[in-house]
Amino acid sequence: MMQKPNILWITSDQQHWFTLGCLNPEIRTPNLDRLAARGTLFERAYCPNPTCTPTRASLITGRFPSQHGAWSLGTKLDESIPTVGDIFQEGGYDSTLIGKAHFQQLLSTEEFPSLESYPLLRDLEYWKENYGPFYGFNHIELARNHADECHVGQHYALWMEEKGFDNWRDHFENQWGNKPFDFSDGKPINPPQYGAWTIPEEYHYNTWITERSCARMDHCIEKDQPFFLWASYFDPHPPYLVPEPWASMYDPDALTVPDIVPSEHDQNPIHFQMTQEESPDFSAWNEEGGNGMHGFHTHLESKEKRAKNMAIYYGMVSCMDAHIGKLLDHLDAIGQTDNTMVVFTSDHGHFFGQHGLKAKGPFHYEDVIRVPMIAAWPGKIPQGQRSSSIQSLVDIPVTCLKAAGLKPDPWMTGLDQQETWKGSDEHARTATLVEHHHQPTTIHVRTYVDARYKITIYLNTDEGEIFDLENDPGELRNLWRSKKHADLKSQLLLKLAQAELAREPLPMPRVAPA
């Protein structure tokens with residue numbers, strides 16, 4: 001029998017921290033609830049950046065985005081940076097990623113080539129031959145799209161064809177040319193769908209990720225090799241789309257739909273207020289390069305539409321949960337549950353009406369920077385516990401490597417959370433940082449959050465936010481400009497600066513005075 005523990009990461013994409021049945025009675029996630037019951041649910045877990053590429057790169061490097069360099073969507077993680085997968089391989093592990101990577105950009109350039117770009121992601125002959133290596137994973141099976149997005153291709157498309165689903169293109173917003181969004185008639189071949197996706201669930205990417213992840217476990221058992229496996233799901237990232245019966249599982253009228261509180265943005269930076277205009281002009285924020293930025297548009301939407309979106313989003317979570325259940329069942333079936341550390345989380349959160357916002361953007365409310373997180377390992381991590389200890393996703397690779405008896409890369413700045421995960425009263429963190437870049441100068445944000453307070457600052461402006469999470473958990477009263485809280489502001493600014501200093505990597509020991 002294998003002596004080294006297996007490490008199984010299960011991630012969703014853009015999942016609000018509250019969308020677990022064990023926290024929210026309006027949603028059903030029996031399998032994630034089961035995982036929480038046999039492990040610990042961490043109620044204060046934070047992403048290092050509330051967008052995909054930066055956080056996903058942090059998950060494999062153990063560094064914050066400003067340290068690993070993939071600081072925004074549309075950037076690429078340098079392939080020379082050591083990753084958690086490299087270290088697991090050196091330690092004798094099989095290192096596999098199934099599902100979403102998103103470490104690279106959709107457009108390849110001569111200076112920054114990308115495997116996750118057009119036209120390569122649609123070159124199925126190429127992907128028949130390429131199953132790794134990739135960022136420390138010796139085996140990969142990848143896809144890029146969310147729901148019916150036109151990015152479909154790579155190993156997911158190959159799998160659908162192997163299953164005999166030859167007309168899969170009919171179920172995607174699809175243009176099979178050499179350039180993205182280059183539609184000769186101005187429209188994709190298929191119109192975007194909403195609600196009930198026409199693709200049968202047996203060919204949905206949840207099915208693909210689960211089936212292929214189970215197959216990789218079996219491969220490792222046959223080789224008597226421990227595995228580090230990342231099952232990386234795409235949902236519930238919009239578009240709001242999922243096959244039946246999940247699409248109609250929730251009644252929009254039965255859900256508690258979040259909404260803006262009148263005047264809550266009066267003390268917030270101007271870009272918060274502009275989201276509540278019908279036609280806001282965000283051109284001033286696009287001065288460098290003009291690339292679009294998530295969240296810089298109107299967020300106005302009827303309550304009926306928000307309720308419908310929320311119902312479908314919940315259906316996407318429940319569908320994914322069912323497939324995660326099959327993954328956990330397979331771990332039981334092969335007798336590896338007791339020998340496997342399972343970590344579930346998401347790359348960032350989501351707005352579906354909170355503060356009048358939708359999806360994501362540079363609005364560092366708990367809804368978008370806080371994530372669901374569960375860690376389970378029978379006999380090692382307490383069962384059925386909830387922890388309020390602060391967690392950062394940059395800590396996960398360091399903690400998992402240490403748990404496997406391996407030494408993290410010295411450039412990793414995440415903290416070892418083993419003792420906290422084991423139920424110790426001494427927490428590894430008293431606070432964490434969250435970054436957000438879109439354009440280098442116009443949106444460059446830092447947030448410091450501790451057990452009670454949160455402060456957010458912006459480069460080249462004197463605007464910011466301070467929230468007292470204990471007395472104002474809904475984050476409705478920004479204290480930034482409050483004269484009454486001037487001393488608090490000074491204290492939090494100092495703590496933020498100290499937190500920035502504390503995360504400096506020091507890989508070289510000082511062994512001589514000169």
Side-chain angles (χ1 to χ4, degrees), residues 1-11 53 55-63 68 70 76-104 115-116 127 129-144 154-156 159 208-233 327 330-331 334 336-337 339-345 347 375 377 393-412 414 416 418:
M1 295 294 293
M2 294 177 291
Q3 297 300 313
K4 296 179 180 179
N6 304 307
I7 307 294
L8 173 61
W9 288 1
I10 306 171
T11 59
T53 296
T55 283
R56 289 171 176 274
S58 289
L59 272 171
I60 62 170
T61 64
R63 308 185 195 184
H68 61 59
K76 172 185 174 179
L77 178 64
D78 192 310
E79 289 163 306
S80 67
I81 294 178
T83 70
V84 64
D86 291 316
I87 302 170
F88 272 116
Q89 282 194 72
E90 292 168 3
Y93 280 72
D94 177 85
S95 178
T96 292
L97 167 59
I98 309 287
K100 179 176 178 176
H102 206 171
F103 308 135
Q104 299 186 353
L115 290 183
E116 298 187 71
W127 293 105
E129 304 298 326
N130 188 347
Y131 287 84
F134 188 63
Y135 288 107
F137 297 99
N138 57 271
H139 182 82
I140 55 169
E141 297 181 41
L142 304 180
R144 184 59 186 261
Q154 295 174 288
H155 300 105
Y156 175 42
W159 174 83
W208 164 65
I209 292 169
T210 303
E211 179 183 299
R212 297 308 303 153
S213 295
C214 291
R216 196 63 186 180
M217 290 186 206
D218 292 343
H219 168 81
C220 293
I221 295 301
E222 292 173 5
K223 292 179 60 180
D224 195 28
Q225 183 180 19
F227 57 78
F228 164 53
L229 170 63
W230 184 1
S232 180
Y233 291 88
L327 200 60
H330 192 75
L331 202 58
I334 61 176
Q336 289 300 310
T337 296
N339 192 43
T340 303
M341 173 189 279
V342 180
V343 180
F344 167 79
T345 192
D347 54 1
W377 190 5
L393 299 191
V394 297
D395 302 334
I396 290 178
V398 174
T399 305
C400 290
L401 287 169
K402 290 274 194 174
L406 301 174
K407 185 178 180 180
D409 182 81
W411 285 95
M412 291 181 171
D416 180 6
Q418 278 189 98

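This structure is a prediction, so every number in the text was calculated from the model and none was measured.
Of the inter-residue distances, the one linking Phe134 atom CZ with Leu97 atom CG reads 8.0 Å to the nearest 0.5 angstrom. Atom OG1 of Thr345 is separated from atom CD1 of Ile396 by 5.0 Å, given to the nearest 0.5 angstrom. Taken to the nearest 0.5 Å, the NZ atom of Lys76 stands 12.0 Å off from the OG1 atom of Thr53. To the nearest 0.5 Å, the span separating CG on Asn6 from CG on Leu229 amounts to 9.0 Å. Taking NE2 of His155 as the reference point, atom CD1 of Ile140 lies at 5.5 Å (rounded to 0.5 Å). Distance check: Trp159 CH2 to Ile209 CD1 gives 9.5 Å after rounding to the nearest 0.5 Å.
Nearest approach of Gln225 to Asp94, heavy atoms of both residues: NE2-N, 3.2 Å. The minimum heavy-atom distance between Pro5 and Ala403, with the atom names listed, is CG-O, 4.0 Å. Residues Ala57 and Ala70 approach most closely at CB-CB, 4.2 Å, considering heavy atoms. The minimum heavy-atom distance between Thr340 and Trp377, with the atom names listed, is O-CD1, 3.5 Å. Counting all heavy atoms, side chain and backbone alike, Tyr156 lies closest to Ala143 at CB-CB, 3.6 Å. The minimum heavy-atom distance linking Ser58 with Arg63 is given by the pair OG-O, 2.6 Å.
Residues Val342 and Leu331 meet the side-chain proximity criterion, which asks for heavy atoms closer than 4.5 Å. In this structure, the side chains of Trp9 and Pro397 come closer than 4.5 Å at one or more pairs of heavy atoms.
Looking at Ser95, its side chain never comes within 3.5 Å of a backbone N or O of Gln89 through a donor-acceptor pair. At least one donor-acceptor pair closer than 3.5 Å links the side chain of Asn339 to the backbone N or O of Lys4. In this structure a side-chain-to-backbone donor-acceptor pair under 3.5 Å is missing from His139 to Ile98. Side-chain atoms of Ser232 come within 3.5 Å of backbone N or O of Lys100 as a donor-acceptor pair. Checked by atom type and distance alone, the side chain of Thr61 never pairs as donor or acceptor with a backbone atom of Thr83 at under 3.5 Å.
Taking the six-membered ring for Trp and the full ring otherwise, Phe227 and His219 have centroids separated by 6.0 Å or more. Ring centroid separation for the pair Phe228 and Tyr93 does not come in under the 6.0 Å cut-off.
Each of Arg56, Glu116, Arg144 was checked for a side-chain hydrogen bond (donor to acceptor under 3.5 Å, both in side chains) with His102, and the lone residue meeting it is Arg144. Each of Ile10, Leu59, Leu8 was checked for a side chain to side chain contact (heavy atoms under 4.5 Å, CB included) with Trp230, and the lone residue meeting it is Leu59. Exactly one residue among Arg212, Arg216, Glu141 makes a side-chain hydrogen bond (donor to acceptor under 3.5 Å, both in side chains) with Thr96. That residue is Arg216.
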Steps toward side chain to side chain contact (heavy atoms under 4.5 Å, CB included) verdict (Ile60, Phe137): CA-CA 10 Å; Ile60 62 170; Phe137 297 99; 4.0 Å; yes
Stepwise side chain to side chain contact (heavy atoms under 4.5 Å, CB included) check, Met217 with Leu327: CA-CA 10 Å; Met217 290 186 206; Leu327 200 60; 3.7 Å; yes
Worked verdict on Cys400 versus Val84 for side chain to side chain contact (heavy atoms under 4.5 Å, CB included): CA-CA 9 Å; Cys400 290; Val84 64; 5.7 Å; no
Steps toward side chain to side chain contact (heavy atoms under 4.5 Å, CB included) verdict (Leu115, Leu142): CA-CA 11 Å; Leu115 290 183; Leu142 304 180; over 6 Å; no
